[in-house]
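This chain uses plain numbering: 1 for the first residue, then up along the sequence. As the structure is a computational prediction, the values presented were derived from the model and not from experiment.
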Amino acid sequence: MNSYNDPTAVFVIAVLIAVSAQLASERMRLPPIFLWLLAGMGLGPFGLHLLQTESIEPALHTLVELGLAIILFEGGMNLNLKALNEHRSVVGRLVILGPILTMLVGGLAAHYLTGLDWSLSLLFGAIISIGGPTVITPIIRQVRLDREISHILSSEAMLVDAVGAILAIVMLQLTLLPDANAWSTFQDILIKLGVGTFIGIAGGWLIARALHFNISHNLEMRTIFTLACSWGIYLLANSLSEQAGLMAVLMAGTTLQRMKIPDFQRLRHFKGSLSILIISVLFVLLAANLDLSLLNAYLWQGCVIFLLLALIARPLSAWGSGIGSKLTSAQINFLAMMAPRGVVVAAITSLFALVLHEAGSRQTDLLVALVFIIIIISVFVYGFIARPLSQWLQVDGGSDRTILIIGGGQMGAELGRALCNDREVRFLDLNGEVVNNLKHAGFTAVRGNALDPLYLEIVHAEEVSAVLVMTGSSDHNLLIASLAKDQFHVPEVYVALQEDSEDKHQRLIHRLQAKRLFAKPYTATYWQDQAFRKRLVHESQHIEEDSSLNGCRMGDARIPHGIQPLAVHRDGLSLIPDDDLRLQAGDEIAMLLRPERIQEGQTLIAPPTTDNSMVNLQKKTENG
C-alpha cells in the first residue's frame, strides 16, 4: 500500500505540517493561519498532491464536528466573563446585528456577482457571519489594543461562532427545505439557542460538581472525564435540536469557568493545547481540499464581496452597536474595520458541503470557494492593517499603565499596594495565601507558575504595560521576563536581581531592555522572611529642592541594606523604582524598612558619594 494513500499517513503528515507551520510562524511573527492555508493548498490534491486527503474524507466529517466541539468548549472556558459583563450591551448588539447584516449584504452580493442560487447565497452570507477567535486572538496579542477593544473583539468572536453557526444551520435547512416559512424559521433559531443554552449550563454545572466532589483523584482521569463530557453535551444537544450542540459546549465551558474547581487551570491548559492542535490540523486538511482553479476563477468576485462586507456590513453593525455606549468614535471605527474569519468558518463550510453534495446541489463547490476566498483575504488584510490602523486611530493601548507583578509573595503584595493608586495592578504568584488575600482586597490575582505561558494568558499579560518579576531566582526572573517580552509583547520589563547577577546576565538584560527593579540588589529570602514575621514598617522620604538627591539617578543613590524602595510618587503618579529613574524635587519615595537597622536621625536614602560618582563616570567613559 502506498503510504501516502493511507489515512493514518495522511493524518500524521497533516499534523507534522501544521506543527511546522506553527513553529515557523512564531519565528516569522506571522499569524499561523497564513502558513496553514499556504501549506494546505500547496500540498493538497490540487497542488503538489503530497497530502492526499481523499483517503481521509470519510472520517473528516466526524473529525470536524468533534474538533468544533472542543474549540468552542475551550473558548467558553477562556471567555473573559468580567469583561463581557462590562461590555454586554455592545457585544450583544454586535452578535445580533453582525450576522444579520453580513448575511444580507453577503447574500445579495454573492447572488448578483456569481449567479449563486438565492438559498445558497443566503447560506453563504450566514456562514461568513461566523467570527474568527483563532485569528483575532493573535492579532490582539501582537498589536496590543486597548483593553475595551480587545475585550469586545474577543468576546464577540467567541459568541458569534455559536450564534452564526445556528443561523447558518437554519439557512441550510431552508436550502434543503425551501417550503419552510419565516415564522417556523424564527422559532427554530430560538429553539436551538434555548436548547443549547439550557443543556450547556446544566452540563457544565454537573461536570463542575463531579470534579468538585473528586470523581477521580487522578489528574489525567479528571481531564479525560471533562473531555468526554463535553462531547456528550454536544451530542445530547444535537439530538434534541440539530446543531444546538455548538451553543451547548460554549455555555458548558463558560459555566465550568464560573465554578470553583481546584485544578481548573490544568484542565484549561490541556484543552488549550488540544484545541491548538485540532485547529491547525483542521485548517491544513480543509485548505488541502480547495479547488485552486475555482478559487482563481472567482477571485475578483470574492474580492468585491469582501469589500462590500468590510465597507458596508461591518461598519453598520459596529456603529449600530457602539452608539450610546462609552466607546469613543475611534474605538468604534476600529471595530468597524476588524472582522477576520477563521477555522470555525472553514470547518462549518466543509460540514455543509458534505450535506449539500449528498442532496445533489450543483453549486456547492462554488459556495466553498467563495467562503475560502473571504477567509484568505480577511486573514491577510486584517492581519496586516491591524497595527497601523490601531496606531492611526490611537487605540493601541499605549497609555495603559496596568502592571503585572510576578512572584515576591508578601513583598510583591506590598509593592502592588504602593503602586495601585493610579493604575491597575495584577498579581501572579505561587503563594496561595497571598493570592487569596489579594483577591479579597479586590485585586486580580492568579495562583500559578509564571514559567508556564498558560498562567500569563490567564492573567491577560498581553494587556499590561509592564511586568515586574521578583521571584527568589535571578535566572527565573530573566526567563519569565523573556517569556513576557517575546510571547506577550509586554513593552517594559522590570527584574529583581541578586548581587552580581547584572554582570552575569548582561547580554540577556540588554536584549530584553530590562530594568533593574528597586535600583539595588534584591535578596528575596531575606525580605520575604521579614515581611512574614511582620518586622517591616512603612516609611517615606521627601525630596526637597536643595537636596543632593534632586536630579540623582536612583541607581547612584546609596540605599542601605535594611531599606527597600517600593514606589516614587510624583504629581499624582506612582513611578516604578529602577536604576535610571531620576529623582526630582517634590518626589516622595515610599519604602519598607527594618527600624532596628536605622539609627535615629539617619538619612534613609542618601546621595552618592564623590567616589561613587567618579566610578560611574569612569564606567560611562569606558563604555562610550
Is the closest side-chain heavy-atom distance between [X] and [Y] below 4.5 Å?
X      : Y      : result
Thr349 : Ile375 : no
Val371 : Val345 : yes
Ile374 : Leu370 : no
Lys439 : Val446 : no
Ile152 : Gln331 : no
Leu367 : Phe352 : no
Pro99  : Val160 : yes
Leu295 : Met41  : yes

Nearest-0.5 Å distance, [atom1] of residue [X] to [atom2] of residue [Y]:
X      : Y      : atom1 : atom2 : result
Met103 : Ile127 : CE    : CD1   : 12.0 Å
Met221 : Thr226 : CE    : OG1   : 9.0 Å
Ile201 : Met247 : CD1   : CE    : 10.0 Å
Phe334 : Ser150 : CZ    : OG    : 10.0 Å
Ile332 : Ser321 : CD1   : OG    : 9.0 Å
Ile96  : Ser317 : CD1   : OG    : 12.0 Å

Quick check: does any side chain N or O of [X] sit under 3.5 Å from a backbone N or O of [Y], one acting as donor and the other as acceptor?
X      : Y      : value
Trp36  : Ala18  : yes
Arg314 : Ala339 : no
Arg426 : Val464 : no
Ser154 : His151 : yes

How about Phe198: does its CZ atom have over 12 heavy atoms from other parts shown lying under 6.0 Å from it?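 No, not enclosed.
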Over all heavy atoms of both residues, which pair between [X] and [Y] is shortest? Give the atoms and the distance, please.
X      : Y      : value
Pro453 : Phe488 : O-CZ, 3.7 Å
Val90  : Ser325 : CG2-CB, 3.6 Å
Ala244 : Val195 : CB-CG1, 4.1 Å
Met171 : Leu122 : CE-CB, 3.6 Å
Ala336 : Pro315 : CB-CA, 3.7 Å
Ser241 : Lys192 : OG-CG, 3.1 Å

All side-chain contact (heavy atoms from CB on, under 4.5 Å) counterparts of [X], not counting sequence neighbours:
X      : value
Lys326 : none
Ala228 : none
Gln301 : Leu113, Thr114, Tyr298
Ile312 : Val105, Leu308, Leu316

Can you list the residues that meet the ring pair (Phe, Tyr, Trp, His ring centres under 6.0 Å) rule with Phe380, with sequence neighbours excluded? Phe34
Can you name the residues that form a ring pair (Phe, Tyr, Trp, His ring centres under 6.0 Å) with Phe11, not counting sequence neighbours?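 Checked Phe11 against ring pair (Phe, Tyr, Trp, His ring centres under 6.0 Å); zero matches.
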List the steps, then state whether side chain to side chain contact (heavy atoms under 4.5 Å, CB included) holds for Ile13 with Leu43. CA-CA 10 Å; Ile13 291 172; Leu43 301 177; over 6 Å; no
Could you note down all residue pairs passing side chain to side chain donor-acceptor pair (under 3.5 Å) where residues 361-375 supplies at least one of them, sequence neighbours left out?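 Sorted result for residues 361-375: His357-Asp365, Ser361-Thr364.
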Not counting sequence neighbours, list each pair that qualifies as a side chain to side chain donor-acceptor pair (under 3.5 Å) and has a residue in residues 92-104.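 Of all non-adjacent pairs touching residues 92-104, those that pass side chain to side chain donor-acceptor pair (under 3.5 Å) are Ser89-Arg93.
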With sequence neighbours left out, write down each residue that passes side-chain hydrogen bond (donor to acceptor under 3.5 Å, both in side chains) with [X], or none if nothing qualifies.
X      : value
Trp118 : His111
Trp231 : none
Asn333 : Trp319

Yes or no on side chain to side chain contact (heavy atoms under 4.5 Å, CB included) for Leu366 and Leu120, after CA distance, side-chain angles and deciding distance? CA-CA 10 Å; Leu366 173 56; Leu120 287 176; over 6 Å; no
Tell me, with the steps shown, if Arg447 and Tyr455 meet side chain to side chain contact (heavy atoms under 4.5 Å, CB included). CA-CA 8 Å; Arg447 182 182 183 184; Tyr455 293 99; over 6 Å; no
Let's go through Ile233 and Ser230 carefully: what are the C-alpha distance in whole Å and the side-chain angles of both, what is the deciding distance for side chain to side chain contact (heavy atoms under 4.5 Å, CB included) to 0.1 Å, and is it a yes or a no? CA-CA 5 Å; Ile233 290 169; Ser230 67; 5.6 Å; no
Kindly state each residue pair satisfying ring pair (Phe, Tyr, Trp, His ring centres under 6.0 Å) with at least one member in residues 154-177, sequence neighbours excluded.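 Matches after skipping sequence neighbours: none remain.
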